[in-house]
Amino acid sequence: MNTGKKTRLAIFASGSGSNANKIIEYFKNHDFIEIALVLFNRKKAGVQQYAIKNQIPAIYCPDKALNQEVIFLASLKPYSIDGIVLAGFLSLIPAYLIQSYPDKILNIHPALLPKFGGEGMYGHHVHDAVSHSGVQVTGLTVHQVNTEYDQGRIIYQCRVPITPYSDPLLIAKSVLYYEHHSYPMIIDHYFRNKS
Ligand code: GRF
């Protein structure tokens with residue numbers, strides 16, 4: 001039954017925010033999901049500009065604050081958040097937050113997990129490792145978030161071919177293209193079936 005209330009998602013990001021931007025664009029005037037908050041933990045995170053441009057509340061939350069359960073949950077309360085999507089968020093999500101949002105936190109990783117994941121595997125580190133390994137296919141993974149880096153249940157993967165001419169930069173660019181075109185739709189499908 002559709003009660004008319006939209007599912008309210010928060011985006012957590014640390015970096016340039018290109019995925020966050022695609023998610024914000026996709027859910028503009030969406031019938032079922034609303035991006036209600038952008039949270040960033042690096043002062044210079046580019047994601048701020050997308051939030052401001054789209055009049056979405058944006059809060060700066062350093063890791064120290066994220067790890068203070070009572071205060072953090074209280075500060076989230078006014079936004080009535082139903083779920084969280086990580087888009088280039090580099091810090092570990094604390095256990096209390098995972099318990100507060102069971103199966104309602106998603107992450108995207110720019111490789112085919114379980115390979116090329118785990119602590120320290122982010123940004124160019126992932127694509128360097130993929131390139132040096134000699135594999136001919138990379139890709140992206142969307143997964144639920146648990147208390148370990150990149151270990152939650154996988155809900156979607158997409159393969160991206162590597163040509164003999166691909167260097168880590170080109171691999172990163174190709175994967176990011178597919179991230180932009182798939183993550184918003186995966187989020188849509190996932191949360192539609194979760195409510
Ligand atoms: C993406 O490659 C994503 O898979 C990873 O971090 C990167 C974020 O890029 N988790 P951007 O900030 O969205 O451009």
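Remember, it's a predicted structure, so these values are computed and weren't measured experimentally. Order of listing sets the numbers, starting from 1, for every ligand and every atom in it. Numbers for residues simply follow the sequence, beginning at 1.
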S.K.: Using a cut-off of 6.0 Å, state whether more than 12 heavy atoms not belonging to K115 lie near its atom NZ.
M.R.: no
S.K.: Do you know which two heavy atoms are closest between L112 and T141, and how far apart they sit?
M.R.: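 Closest approach of L112 to T141: CA-OG1, 3.5 Å.
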S.K.: Could you tabulate the donor-acceptor pairs under 3.5 Å formed by side-chain atoms of residues 77-90, not counting sequence neighbours?
M.R.:
| residue | atom | partner | partner atom | Å |
| --- | --- | --- | --- | --- |
| D82 | OD2 | K5 | NZ | 3.2 |
| D82 | OD2 | R8 | N | 2.6 |

S.K.: Relative to each other, are the rings of H181 and Y177 parallel, tilted or perpendicular (30° and 60° limits)?
M.R.: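 H181 vs Y177 ring planes: tilted.
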S.K.: Can a side-chain donor-acceptor contact be found between N146 and Q151 if the only test is distance below 3.5 angstrom?
M.R.: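 Side chains of Q151 and N146: no pair found under 3.5 Å.
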S.K.: Evaluate the criterion side chain to side chain donor-acceptor pair (under 3.5 Å) for residue pair Y60 and Q48; output intermediate values, then yes/no.
M.R.: CA-CA 9 Å; Y60 168 61; Q48 285 174 82; over 6 Å; no
S.K.: Could you tell me, for ligand 1, which of its N or O atoms are under 3.5 Å from any protein N or O, listing the pairs and their distances rounded to 0.1 Å?
M.R.:
| residue | atom | partner | partner atom | Å |
| --- | --- | --- | --- | --- |
| ligand 1 | 2 (O) | E179 | OE1 | 3.3 |
| ligand 1 | 2 (O) | E179 | OE2 | 2.9 |
| ligand 1 | 4 (O) | I108 | O | 3.4 |
| ligand 1 | 4 (O) | E179 | OE1 | 2.6 |
| ligand 1 | 4 (O) | E179 | OE2 | 3.2 |
| ligand 1 | 10 (N) | I108 | O | 2.8 |
| ligand 1 | 12 (O) | S16 | N | 3.4 |
| ligand 1 | 12 (O) | S16 | OG | 3.1 |
| ligand 1 | 12 (O) | G17 | N | 2.8 |
| ligand 1 | 13 (O) | S18 | N | 3.3 |
| ligand 1 | 13 (O) | S18 | OG | 3.4 |
| ligand 1 | 13 (O) | N19 | N | 2.8 |
| ligand 1 | 13 (O) | N19 | ND2 | 3.0 |
| ligand 1 | 14 (O) | S16 | OG | 2.7 |
| ligand 1 | 14 (O) | S18 | N | 3.2 |
| ligand 1 | 14 (O) | S18 | OG | 2.5 |

